[in-house]
Amino acid sequence: MEKPGRFVERARDLGVYQRAYAVSLEMHPTLGFPKIEQYALADQLRRSSKAICANLAEGFAKQSHSKAEFARFVSMAIGSCSEVETWISYAFDLEYITPDQLDARRQSYALVHGMLVNLREKLT
């Protein structure tokens, strides 16, 4: 996590990036979905969870040219976070994950979502 007064040099130094990255990695080995879903629902979950960090990285790299551009990429990361939350709900409703897994994943992504919203507010 970034510390007050510390200069953030790369996207991976941002606390929200670190948290989103960790949550994404935690999800991967637990996606024991049926074979038919490995290239559909599980793939969508993996892609959207990775897109959060990818958007932060791309936007952070462009912020030297435009703070508004970084804010736009943070907004896209928020969209990816919301997408993950939707796929998690589908996984639960299709009985691929347990209620405990649903709660844990929702809490993790709610935290990431809040961190992203706070970052975007600081940029605008």
Side-chain angles (χ1 to χ4, degrees):
M1 303 289 183
E2 67 264 28
K3 294 179 178 134
R6 184 172 158 248
F7 181 71
V8 176
E9 296 179 20
R10 309 212 21 119
R12 67 175 172 249
D13 296 331
L14 295 168
V16 65
Y17 179 98
Q18 293 168 6
R19 181 73 191 135
Y21 193 89
V23 170
S24 178
L25 289 177
E26 288 170 7
M27 186 181 318
H28 276 47
T30 64
L31 293 178
F33 294 173
K35 191 161 186 85
I36 194 169
E37 293 291 7
Q38 287 301 318
Y39 299 103
L41 182 57
D43 187 54
Q44 287 294 105
L45 266 165
R46 288 182 187 106
R47 287 172 182 260
S48 55
S49 69
K50 291 175 188 171
I52 297 167
C53 292
N55 281 310
L56 287 172
E58 186 173 355
F60 190 89
K62 294 180 177 187
Q63 78 172 340
S64 63
H65 306 296
S66 170
K67 197 175 188 183
E69 185 74 353
F70 185 27
R72 187 172 75 82
F73 276 90
V74 172
S75 291
M76 287 189 277
I78 291 169
S80 294
C81 191
S82 294
E83 182 180 351
V84 170
E85 292 170 333
T86 299
W87 295 127
I88 289 169
S89 293
Y90 271 109
F92 176 74
D93 291 338
L94 293 167
E95 300 180 356
Y96 299 150
I97 62 174
T98 66
D100 289 342
Q101 290 172 315
L102 173 69
D103 290 343
R105 291 175 181 172
R106 279 186 174 164
Q107 288 176 13
S108 293
Y109 279 98
L111 176 62
V112 170
H113 187 272
M115 294 172 78
L116 289 166
V117 169
N118 288 339
L119 177 58
R120 183 177 59 189
E121 287 174 359
K122 289 178 184 176
L123 294 170
T124 53

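Hydrogens, waters and symmetry mates play no part in the numbers below; they use all other heavy atoms, side chains included. Quick note: residue numbers are just sequence positions, from 1.
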Any side-chain heavy atom of Arg12 sitting closer than 4.5 Å to one from Tyr21?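 Side chain of Arg12 against side chain of Tyr21, heavy atoms only: no contact under 4.5 Å found.
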Take Met115 and Leu111 through the side-chain contact (heavy atoms from CB on, under 4.5 Å) test and state the conclusion after the steps. CA-CA 6 Å; Met115 294 172 78; Leu111 176 62; 4.1 Å; yes
Kindly assign one of parallel, tilted or perpendicular to the pair Phe70 and Phe60, based on the angle between their ring planes and the thresholds 30° and 60°.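 Perpendicular, since the angle between the ring planes exceeds 60°.
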Return yes if some donor-acceptor pair links the side-chain N/O of Gln107 with the main-chain N/O of Ala104 below 3.5 Å, else return no.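 Looks like no, no N/O pair under 3.5 Å.
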So Trp87 and Tyr90, would you call those rings parallel, tilted or perpendicular, with 30° and 60° as cut-offs?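 Trp87 vs Tyr90 ring planes: tilted.
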Would you say that Val23 contacts Ser49 through its side chain, given a criterion of any heavy-atom pair below 4.5 Å between the two side chains?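 Not in contact.
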Pairing donors with acceptors under 3.5 angstrom, does anything connect the side chains of Arg72 and Ser66?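 Looking only at side-chain atoms, Ser66 and Arg72 do not form any donor-acceptor pair under 3.5 Å.
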To the closest 0.5 Å, what do you measure between CG (Leu94) and CD (Glu37)?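 The CG atom of Leu94 sits 6.0 Å away from the CD atom of Glu37.
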Might you point out which heavy atoms bring His113 and Ile78 nearest each other, and give the distance in Å?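 The pair with the smallest heavy-atom distance is NE2-CG2, 3.5 Å.
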Out of curiosity, Leu41 CG to Arg46 CZ, how far, rounded to the nearest 0.5 Å?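 Answer rounded to 0.5 Å: 9.5 Å.
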Working to the nearest 0.5 angstrom, can you tell me the gap between Arg105 CZ and Phe92 CZ?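 Rounded to the nearest 0.5 Å, the CZ-CZ separation comes out at 12.0 Å.
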Working for side-chain contact (heavy atoms from CB on, under 4.5 Å), residues Arg19 and Ser108: CA-CA 9 Å; Arg19 181 73 191 135; Ser108 293; 3.6 Å; yes
Roughly how far apart are Arg10 CZ and Leu56 CG, rounded to 0.5 Å?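 These two atoms lie 13.5 Å from each other.
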CD-CG distance between Glu85 and Leu102, expressed to the nearest 0.5 angstrom: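 Rounded to the nearest 0.5 Å, the CD-CG separation comes to 10.5 Å.
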Any side-chain heavy atom of Asn55 within less than 4.5 Å of one from Ser80?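 They are in contact (side-chain heavy atoms under 4.5 Å apart), so the answer is yes.
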Could you work out the complete set of other residues in the hydrophobic cluster of Met76, with links drawn between I, L, V, M, F, W and Y side chains under 4.5 Å apart?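 Its cluster mates, by chain and number, are Phe73.
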Heavy atoms only: give me the nearest Ala20-Ile52 pair and the separation to one decimal.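 Distance-wise, the nearest heavy atoms are CB-CG2, 3.7 Å.
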Close side-chain approach of Ile97 and Phe33, heavy atoms under 4.5 Å: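 SC-SC contact between Ile97 and Phe33 confirmed.
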Tyr109: what forms a ring-ring contact (aromatic ring centres under 6.0 Å, His included) with it, not counting sequence neighbours?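 By the ring-ring contact (aromatic ring centres under 6.0 Å, His included) rule, Tyr109 matches no residue at all.
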Nearest heavy-atom pair of Ser48 and Glu83: which atoms, and what distance?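 So the two residues come closest at CB-CD, 3.6 Å.
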Quick check: closest heavy atoms across Ser89 and Arg106, and the distance to 0.1 Å?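 Nearest pair, atom of Ser89 first, then Arg106: OG-NH2, 3.1 Å.
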